Amino acid sequence: MLRTLGCAAALLTIAQSALADDLKPLSNSFDSPAELAGWSEHEPEGFSPKWEDPRIEEGRLVLRPKSSGWFEDNQAGHLYKPVSGDFIATTRIEVRGTEADLPQTSFSLAGLFIRAPRAVSAAGWVPGQENWLFFSVGTAAPAGEPHYEIKSTTNSLSTLKILPSGTGPVDLRIARHGELFTLLVRESGTDWRVIDQMIRPDLPQVLNVGLTAYADYDSVAPTYPNYQLYNTQGAPTQNADLIAYVDSFTLRRPATGRLPIANIDAPAFLDVIAERRADLLSD
């Protein structure tokens, strides 16, 4: 059995290696405003804008949301690139408040966002069909304290985790291996570490992979659960105080394919286990 698994893993590694560089051209260092041309923006017809127009200033992508949030059928800002198959997406990002080091409004965060493609408009909107996950940094609840937020949404049912974070610039990473999504973080002066893993066999081969920023859920909450009202008209008040600065966004193929073993700290009884671990923890 081990030999069979080893052969299968080796074949997957070879197949992935053949695709090793095809995602790298989708990476951005945001040196020029022209780099925005390679992105698509989630802006459904008939929905109100949920952030100011993304812009590039002084070598960084700047995201500034209005009062908004991704929760159940509530939608917010999203820049993305369609990606087929396995990938490793990494961003270096810093979240600040407009008047303080961190936002002072609840659930004000920004980071990586991965969504199943779905055509949406106000006229044809149908609830219960959102499928996505994200990994963001900023402040959740209580507001003003540093947090990571991890959220997984299946058929518009959202489940979230709130974890303590550091402050300042941070590297966030999401790696896809088939149905397995591994979330990693690297804070200043530290090495990469796994913060969570999700198993999402429902997500399709092609996903919209990119960035999000949202803020001030307290202003959104009065519309809940009238998703149509929020999506089309926005929050009734606007107190968002988040600015996200994105230094880079990189995409690459994993060096290994899907394994039946999820945890990357598993004993390396197959070479491919150690190969995957080294790949996820490297640049």
Side-chain angles (χ1 to χ4, degrees), residues 1-29 81 83-93 111-114 132-137 148-152 161 163-166 169-207 209-211 247-283:
M1 176 61 75
L2 291 183
R3 180 175 298 175
T4 301
L5 286 174
C7 291
L11 289 173
L12 284 169
T13 300
I14 292 170
Q16 290 289 341
S17 296
L19 298 173
D21 295 328
D22 71 323
L23 292 184
K24 288 186 178 180
L26 299 179
S27 300
N28 293 97
S29 56
K81 301 182 179 187
V83 176
S84 178
D86 293 350
F87 60 82
I88 297 177
T90 306
T91 189
R92 183 163 182 80
I93 189 169
L112 293 170
F113 187 81
I114 293 166
W132 45 260
L133 60 91
F134 69 55
F135 179 22
S136 58
V137 64
Y148 297 115
E149 184 184 11
I150 296 167
K151 190 178 293 181
S152 180
K161 294 180 181 179
L163 302 171
S165 76
V170 65
D171 297 311
L172 306 179
R173 173 171 289 174
I174 299 179
R176 179 184 194 176
H177 294 84
E179 76 282 13
L180 176 66
F181 293 81
T182 304
L183 284 58
L184 303 97
V185 63
R186 181 171 60 186
E187 297 176 344
S188 179
T190 70
D191 295 326
W192 283 107
R193 64 183 174 91
V194 174
I195 197 169
D196 202 2
Q197 290 186 295
M198 301 180 187
I199 298 174
R200 291 292 305 268
D202 60 300
L203 292 178
Q205 178 78 358
V206 177
L207 293 171
V209 180
L211 301 158
D247 289 317
S248 61
F249 175 85
T250 62
L251 279 166
R252 63 180 174 92
R253 291 290 181 188
T256 61
R258 179 192 176 276
L259 292 174
I261 301 164
N263 57 311
I264 70 165
D265 58 351
F269 62 92
L270 297 173
D271 289 344
V272 71
I273 297 175
E275 291 169 6
R276 179 179 65 176
R277 178 160 57 239
D279 185 38
L280 286 176
L281 300 177
S282 73
D283 291 326

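The structure displayed is predicted, hence computed values, not measured ones. Below, each value reflects all heavy atoms present in this structure, side chains not excepted, and no hydrogens, waters or symmetry copies.
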Sequence neighbours left out, what passes side chain to side chain donor-acceptor pair (under 3.5 Å) with Ser29? Give chain and number order.
Asp31
In Å and rounded to the nearest 0.5 Å, what is the NE2 to CD1 distance from His177 to Ile261?
13.0 Å
With a 4.0 Å cut-off, would you call Asp22 and Arg253 a salt bridge?
yes
Under the side chain to side chain donor-acceptor pair (under 3.5 Å) test, residues paired with Thr90 that sit two or more places apart:
Arg173
Test item: Asp86 side-chain N/O and Pro254 main-chain N/O as donor-acceptor pair under 3.5 Å
no
Over all heavy atoms of both residues, which pair between Phe181 and Leu133 is shortest? Give the atoms and the distance, please.
CG-CD2, 3.9 Å
Where is the tightest heavy-atom contact between Leu172 and Ser136, given as atom of each residue plus distance?
CD1-CA, 4.3 Å
With a 4.5 Å cut-off on side-chain heavy atoms, are Gln197 and Thr182 touching?
yes
Contact check, side chains of Val185 and Arg193, non-hydrogen atoms, under 4.5 Å
yes
State the CZ-CD1 distance between Phe87 and Ile174, to the nearest 0.5 angstrom.
7.0 Å
Could you report the tightest heavy-atom contact between Leu211 and Phe113, atom names first, then the distance?
C-CB, 4.1 Å
Rounded to the nearest 0.5 Å, what's the gap from OG on Ser165 to CD1 on Ile195? Could you check?
8.5 Å
Within 6.0 angstrom of Asp191 CG, more than 12 heavy atoms from elsewhere
no
Nearest 0.5 angstrom please: Glu187 CD to Thr190 OG1, how far?
5.5 Å
Could you check if a side-chain atom of Arg252 sits within less than 4.5 angstrom of a side-chain atom of Ser27, using non-hydrogen atoms only?
no
Taken in chain and number order and not counting sequence neighbours, the residues that satisfy side chain to side chain donor-acceptor pair (under 3.5 Å) with Ser248 are none
Using side-chain heavy atoms (C-beta onward) and a distance below 4.5 Å, is Phe135 in contact with Asp196?
no
Using the side-chain contact (heavy atoms from CB on, under 4.5 Å) definition, which of the options Leu112, Ile93, Leu26 pairs with Phe249?
Leu112
Taking all non-hydrogen atoms of both residues, which atom of Leu280 and which atom of Leu184 are closest, and how far apart?
O-CD2, 3.7 Å
Given Val83, which of Ile114, Leu251, Leu207 fulfils the side-chain contact (heavy atoms from CB on, under 4.5 Å) condition?
Leu251
Nearest heavy-atom pair of Lys151 and Met198: which atoms, and what distance?
O-CE, 4.0 Å
Results of salt bridge (charged side-chain N to carboxylate O under 4.0 Å, His left out) for Asp171 - residues two or more places apart only:
Arg92, Arg186
Do the non-hydrogen side-chain atoms of Tyr148 and Lys161 ever get within less than 4.5 Å of each other?
no
Taken in chain and number order and not counting sequence neighbours, the residues that satisfy side chain to side chain donor-acceptor pair (under 3.5 Å) with Arg176 are none
Report, one line per pair, each donor and acceptor closer than 3.5 Å where one atom sits in a side chain of residues 262-274; sequence neighbours left out.
residue, atom, partner, partner atom, Å
Asn263, ND2, Asp265, OD1, 2.8

Evaluate whether atom CG of Leu163 has more than 12 neighbouring non-hydrogen atoms of other residues, nucleotides or ligands under 6.0 angstrom away.
yes
